[in-house]
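Below is one structure, written out as structure tokens, with a few remarks after it.
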Amino acid sequence: MPAVAEILIPLALDTAYSYAVPPGLTLAEGDVVQVPLGPRETVGVVWGLDERASGGNLRPVTGRIEVPPLSEPLRKLVDWLARYTLAPKGSALAMALRLPDEGAQRENPRIGVRASGRPPARQTAARGKVLAVASDGAVRGKSALAKEAGVSVGVVDGLIDDGALETVALVPEPVALPPNPDHPRVPLSDAQRDAAHDLIAAPSPASAPAEAGGTILLEGVTGSGKTEVYFEAVAECVREGRQALVLMPEIALTAQFLDRFAGRFGVRPATWHSGIGGKRRERIRAGVASGDVSVVVGARSALFLPFNRLGLIVVDEEHESAYKQEDGVHYHARDMAVVRGRLEGCPVVLASATPSIESRVNAQSGRYRHVSLPGRFGGRPLPDIKAIDMRLDKPERGRFLSPPMVNAVKATLEAGEQALLFLNRRGYAPLTLCRACGHRYQCRNCSTWLVEHRFRRALVCHQCGYAERKPEACTECGAFDHLTPCGPGVERIAEEAAELFPDKRIVVLSSDFPGGAERLRQELETVAAGECDIVIGTQLVAKGHNFPHLTLVGVLDADIGLTTGDPRAAERTFQLLQQVTGRAGRGERPGRALVQTYQPDHPVIAALLSGDAERFYEEEIAAREAAGLPPFGRLAALIVSAEEREKAEAHGQALARAADPPPGVMVLGPAEAPLALVRGRWRFRLLVKTERGIDVQSYLRDWLARGPKPRGNLKVAIDVDPQSFL
DNA sequence: AGCACGCCGACT
DNA sequence: GTCGGCGTGCTC
């Protein structure tokens, strides 16, 4: 009488399937197994076992797969995530499994070569050099040997074909060497030491009151040395023989950061991100599961790695929206980190110079502990921030840099320093208008204006990616020479800067950077090295990379983003401007920032200018309270197909009518009309205000079940503080 | 995820 | 008349 195993399969299935456990096979919960599913075999994970039940009429489990089993906390995380995001359990499991794509992209098959002892059939000068180097019989990498001999790899290949060199499979280099927590380092400042002590003294989960939890908000301005502080917590964790995970937004996962890690721990850490594939992926997973890898630095998917003795999770730049996964299973990695920390019984450190409102609220209410780093490391002054009131200091017609801004750039360049002009607008001009007939170029799918990209000679929709060639004459009235670009984008600012400073080196940094991500990364390095005078950049320059030669940051339109109607508009703008102005003066020389604005009295701008972040948070939290908006708690629903706008709107309204919230839940939407087409689906947003203890998920399930269901295409993304449901 | 079934448009 | 588009449903 075989036992029954409940097997969860990593497909869009919400329930585990029952299989018989064949005699002779011993299974434990968490084991990875192969099972028959319909006509084929699939992997699955043992989610439950019933030793006494009879699986007589069930199909049997095929066998166990030799990969590390999923620990209980990780299985609980999968269950939790599925329930929380309304995703099928199997889809949540898929994120924790992600087995290596069989044979897809192999790790660069490292082969070494050594002298075989046989003389080459033909001898040349280049071949002689190679054989002289190889004559010691040692095994070298192909390119290493070629380099050492001062010839090209072709010569080495030729000698392999000839038989004078033989190839040997090299043992792959380990995914990461063990970090040394006691590697010699620059001593911490007093403030840093105090903060580090605070982190390490995090109450152990057993002794912590359930309410306080083990989550700590580590706040400190750009340059205050947060990284060094949480490195101490990582070091302490490693000393105790436990593992640490450092999560970063993918864009911040730079060589610069890994070098800083190496400076503290002697070696670079194991890294995990979407670009790591094939065999390397599996080796890291195995190393993490066995405990050989003690520290992982990774993007959000690293959250689902099979750590077996996790002792710490750090979420760096916790306010970053890149932590939100918006396709497949929708989740917020910062929140899931908090959940995993709770399930693993380990502390979670959320680090940011500009925390999200929800983390601030959680710190204020005592749910998170709050550790602050006052000022910058080494007593360096924060940049002096001044406004340029654009109503008084107007640029010339058709120009966008006001006279004080031009003077400041000039002075900075004369001092041999670097200046950054920040404008969060890609392309050349955000709107194209025909001055003959008044026609404005608009996206045919969305309601947005098409942005001119002069480099590409195209008009592009920044919502859906639609692009058309920029016409020679107006497509409406046929007039030549009347199409006028309105407003600035970074390309246009670069044009203006080039006219003002013709002999200076100017670089435009945006996600449109020609040559792709790798070239962009290189360009960031050269800017950091000071090989450029004026940087013109979008929000991309506000994140990750440090530019030590930068002493002036000029914000060209601080008001962009304040009027978008997004409930997080103020928060986002403040964070962005605070980060970008904080880039100034992080090297030897002090920095300053100039902010062009039409609204110097706007709360966000005023708080930025006063350097008083506290004031911003107080005002913003109060403003949301007054508007009946939650400090956090947003739900998003993705609905319906392309040409069916009317149907989609009808669905939206039907959903709104179906709303009948229980006490403690307030539905504030569908707040917006369909926003955009995202790969053939309309994107809606719903706002839901909750009180603690209300289970929004169950409520939403009911709500959606009662309403007319949009033909199976509904997806709900949830971005609510998970602590409410723990 | 795959795979089958089924219902409407455009073709040798 | 069929070929084939993908929308829907099912897999223990």
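First the proteins, then the strands, lettered A, B, ... as listed; each starts at 1. Note that the structure is predicted; figures quoted are calculated from it, not measured.
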Open item on the list: Checking A/D292 now: which residues fulfil salt bridge (Lys or Arg N to Asp or Glu O under 4.0 Å) with it, not counting sequence neighbours?
Closed with: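 Scan of A/D292 (salt bridge (Lys or Arg N to Asp or Glu O under 4.0 Å), adjacent residues dropped) gives none.
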Open item on the list: Taking salt bridge (charged side-chain N to carboxylate O under 4.0 Å, His left out) as the cut-off, I'd like each qualifying pair that reaches into residues 22-34 of chain A, sequence neighbours left out, listed once.
Closed with: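 Of all non-adjacent pairs touching residues 22-34 of chain A, those that pass salt bridge (charged side-chain N to carboxylate O under 4.0 Å, His left out) are A/E29-A/R75, A/D31-A/R64.
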Distances for protein N/O vs nucleotides 10-12 of chain C N/O pairs under 3.5 angstrom?
{"unit_1": "C/dT11", "atom_1": "O3'", "unit_2": "A/G38", "atom_2": "N", "d": "3.1"}
{"unit_1": "C/dC12", "atom_1": "OP1", "unit_2": "A/G38", "atom_2": "N", "d": "3.2"}
{"unit_1": "C/dC12", "atom_1": "OP2", "unit_2": "A/R59", "atom_2": "NH1", "d": "2.8"}
{"unit_1": "C/dC12", "atom_1": "O3'", "unit_2": "A/S18", "atom_2": "O", "d": "3.0"}
{"unit_1": "C/dC12", "atom_1": "O2", "unit_2": "A/S18", "atom_2": "N", "d": "2.7"}

Task: For A/V293, side chain to side chain contact (heavy atoms under 4.5 Å, CB included) partners two or more places apart - done: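 Side chain to side chain contact (heavy atoms under 4.5 Å, CB included) check on A/V293 returns A/V175, A/A270, A/V288, A/V296.
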- [ ] Under the side-chain hydrogen bond (donor to acceptor under 3.5 Å, both in side chains) rule, collect the residues that match up with A/T254, sequence neighbours excluded.
- [x]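 Residues passing side-chain hydrogen bond (donor to acceptor under 3.5 Å, both in side chains) with A/T254: none at all.
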- [ ] Using the test ring pair (Phe, Tyr, Trp, His ring centres under 6.0 Å), find all partners of A/Y17 that sit at least two apart in sequence or belong to another chain.
- [x]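 Result, ring pair (Phe, Tyr, Trp, His ring centres under 6.0 Å) vs A/Y17: none returned.
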